Amino acid sequence: LLSRGLGDVYKRQVDQFLRKMMKSSTTYDYRVGEDGVLQLAYWAVNEDDPSVTVSSREVLIFYNTFNTTKYGYKLGFFSTVDRKGLTRIKSATIMRRETVDSFKWVMHALLKDMKTACKVLLTDGDLWMAEAVELVLGAKSSLPPTSQLVHLLCTWHLSMTLFRHVKNCFGGDLQKWQSFLRQWWKLCQNGELARRITFDRDWAALKSYLRSLLTESQQASGAFVHALAFLGGPLLPWEEDLLGAVSYTHLRAHETRGNL
């Protein structure tokens, strides 16, 4: 790992990290780029605990946004819930760049470690990660259909994304934001099979409920338009009118700047 430009401190710390990884785990792997820089690493945790091994074959959660080091590495964890209801770490990863290829490498390392895919994998909504899961462990993989996992999105991670894209609509009105959030959770936590048939209708009702909580000025704000784009789903008549008005306003503003 003698990459020029990163400094001796980086080289020593990476060397120390790899030595500790190899000493603490019997199942590990890492990849170094052509420039000599460490790109990826995977190592198993709690290898001597049968309850972690058994639980991991059922359900795993992959969380890759725990923290970022000063060198730009993302720390990730595969975790599960054991028979006692405790959250346990199955393995850990570091990743320099979040790409489809990087996520594929991690999924291959997981498969090599476990010898088989878990039944269910929960992740956030990262599209590159989702593609890698499907290519290595899911429907697009070479695994037999009976060995392919089910990939689901973690509702908690989705709620964090909701905070970033919708909360700004409400300004400082936390009471109304909490009212909307309760409706969102109510919809997301309903796992009845029959509700799938009415999901589009229920989602449209959620967007209408969001609109009903906002003042006229808030409904005309860019934050509301952004929130609607994030929520997606079939466009409602009032959404089409709103987006048409926004497009017209944007066009007029552009023409005004051009004339100036």
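What you see is a predicted model, and the numbers here were worked out from it, not measured in a lab. When reading the values below, keep in mind they use all heavy atoms of this one structure, side chains included, and skip hydrogens, waters and symmetry mates.
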- Show your reasoning for whether side chain to side chain contact (heavy atoms under 4.5 Å, CB included) applies to D15 and R12. CA-CA 5 Å; D15 183 65; R12 286 198 302 270; 5.7 Å; no
- Find out whether K207 and L228 are in side-chain contact, i.e. whether some heavy atom of one side chain is under 4.5 Å from a heavy atom of the other. yes
- Query: Are L86 and F77 joined in one hydrophobic group, where the rule is that I, L, V, M, F, W and Y side chains link up if heavy atoms are under 4.5 Å apart?
  - Reply: no
- Side chain of S141, backbone of G138: donor and acceptor closer than 3.5 Å? yes
- Can you hop from V37 to L18 via hydrophobic side chains spaced under 4.5 Å? yes
- Would you check if the side chain of S24 reaches a backbone N or O of K20 as a donor-acceptor pair within less than 3.5 Å? yes
- Message: side chain to side chain contact (heavy atoms under 4.5 Å, CB included), that's the test. Do M114 and L60 meet it? Break it down for me.
- Response: CA-CA 11 Å; M114 295 183 60; L60 276 176; 3.6 Å; yes
- Closest non-hydrogen contact found for Q219 with L214 is NE2-O, 3.1 Å
- Message: Please list all pairs meeting salt bridge (Lys or Arg N to Asp or Glu O under 4.0 Å) that have one or both residues in residues 154-164, counting only residues at least two apart or in different chains.
- Response: none
- Task: Indicate yes or no: at least one non-hydrogen side-chain atom of L75 is less than 4.5 angstrom from one of T93.
- Result: no
- From CA spacing to verdict: side chain to side chain donor-acceptor pair (under 3.5 Å), Q39, S102: CA-CA 8 Å; Q39 300 295 319; S102 295; over 6 Å; no
- If only atom types and distance count, is the side chain of E47 paired as donor or acceptor with the main-chain N or O of T26 below 3.5 Å? yes
- With sequence neighbours left out, what residues match S212 under side chain to side chain donor-acceptor pair (under 3.5 Å)? none
- Sorted by chain and residue number, the ring-ring contact (aromatic ring centres under 6.0 Å, His included) partners of F62 (sequence neighbours excluded) come out as F78
- Message: Contact between T155 and W185 at the side-chain level, heavy atoms closer than 4.5 Å - yes or no?
- Response: yes
- Could I get the full list of side chain to side chain donor-acceptor pair (under 3.5 Å) partners for K176, not counting sequence neighbours? none
- Note on the structure: The reported gap from CG in L181 to OG in S159 (rounded to nearest 0.5 angstrom) is 7.0 Å
- Task: Assess the side chains of S25 and T27: does a donor N or O sit below 3.5 Å from an acceptor N or O?
- Result: no
- Between the side chain of D82 and the main-chain N/O of G85, is any donor-acceptor distance below 3.5 Å? yes
- For L152 and V120, run side chain to side chain contact (heavy atoms under 4.5 Å, CB included): C-alpha distance rounded to whole Å, both residues' side-chain angles, the deciding distance at 0.1 Å, then the answer. CA-CA 7 Å; L152 301 176; V120 177; 3.9 Å; yes
- Task: For residues W43 and F17, establish whether the separation of their ring centroids is below 6.0 Å.
- Result: yes
- Item | Residue pair D48 / P50: nearest heavy atoms and the distance that separates them | O-CD, 3.3 Å
- Note on the structure: Interatomic distance, OG1@T161 vs CZ@F163, rounded to 0.5 Å, equals 11.0 Å
- Sequence neighbours left out, what pairs pass salt bridge (Lys or Arg N to Asp or Glu O under 4.0 Å) with at least one residue falling in residues 127-148? E131-K140
- Query: With sequence neighbours left out, what residues match D202 under side chain to side chain donor-acceptor pair (under 3.5 Å)?
  - Reply: R195, T198
- Task: Check whether any side-chain heavy atom of L174 sits under 4.5 Å from a side-chain heavy atom of K167, and report yes or no.
- Result: yes
- Message: For Q13, is there any backbone N or O sitting under 3.5 Å from a side-chain donor or acceptor partner on Q16?
- Response: no
- Note on the structure: In this structure, OG1 of T116 is separated from CG of L111 (nearest 0.5 Å) by 7.0 Å
- Message: V166: which residues meet the side-chain contact (heavy atoms from CB on, under 4.5 Å) condition with it, sequence neighbours left out?
- Response: L162, F170, W177, F180, L210, A227, F230, L231
- Query: Closest approach of V52 and I89, non-hydrogen atoms and distance?
  - Reply: CG1-O, 4.0 Å
- Y73, Y30: one ILVMFWY side-chain cluster at the under-4.5 Å cut-off? yes
- Item | T123 vs L153 side-chain heavy atoms within contact, under 4.5 Å | yes
- May I have all residue pairs that pass salt bridge (Lys or Arg N to Asp or Glu O under 4.0 Å) and include part of residues 100-122, sequence neighbours excluded? R31-D101, E58-K119, K90-D113
- Item | For D126, all residues meeting side-chain contact (heavy atoms from CB on, under 4.5 Å), sequence neighbours excluded | F103, D124, W128, M129
- How close do S208 and W238 get, heavy atom to heavy atom, and via which atoms? OG-NE1, 3.5 Å
- Task: Return yes if some donor-acceptor pair links the side-chain N/O of Q218 with the main-chain N/O of T215 below 3.5 Å, else return no.
- Result: yes
- Query: So, Q148 side chain and L137 main chain: donor-acceptor pair closer than 3.5 Å or not?
  - Reply: no
- Query: Looking at NE2 of H226 and OG of S221, how far apart are the two atoms once the value is rounded to the nearest 0.5 Å?
  - Reply: 11.0 Å
- Message: Is there a continuous path of hydrophobic side-chain contacts, each under 4.5 Å between heavy atoms, that joins V32 to L40?
- Response: no
- Evaluation steps, side chain to side chain contact (heavy atoms under 4.5 Å, CB included), between Y28 and K23: CA-CA 10 Å; Y28 61 84; K23 186 177 180 179; over 6 Å; no
- Item | Listed partners of K186 passing salt bridge (Lys or Arg N to Asp or Glu O under 4.0 Å), at least two apart | none
- Side chains of S91 and Y42: is there a donor and an acceptor less than 3.5 Å apart? yes
- Query: Looking at side-chain heavy atoms only, is the closest gap between I61 and L121 below 4.5 Å?
  - Reply: no
- Message: I want to check something: taking the side chain as every heavy atom from C-beta on, are S55 and V81 in contact at a cut-off of under 4.5 Å?
- Response: no
- If a pair satisfies ring pair (Phe, Tyr, Trp, His ring centres under 6.0 Å) and one of its residues is in residues 131-153, list it, with sequence neighbours excluded. none
- Task: Can you see which heavy atom on C118 is nearest to which on S56, and at what distance?
- Result: CB-O, 3.1 Å
- Query: M95 versus V106: any side-chain heavy-atom pair under 4.5 Å?
  - Reply: yes
- Note on the structure: Applying side chain to side chain donor-acceptor pair (under 3.5 Å) to S179 and not counting sequence neighbours gives R182
- Query: Same cluster or not: are V59 and V150 linked, directly or through other Ile, Leu, Val, Met, Phe, Trp or Tyr residues, by side-chain heavy atoms under 4.5 angstrom apart?
  - Reply: yes
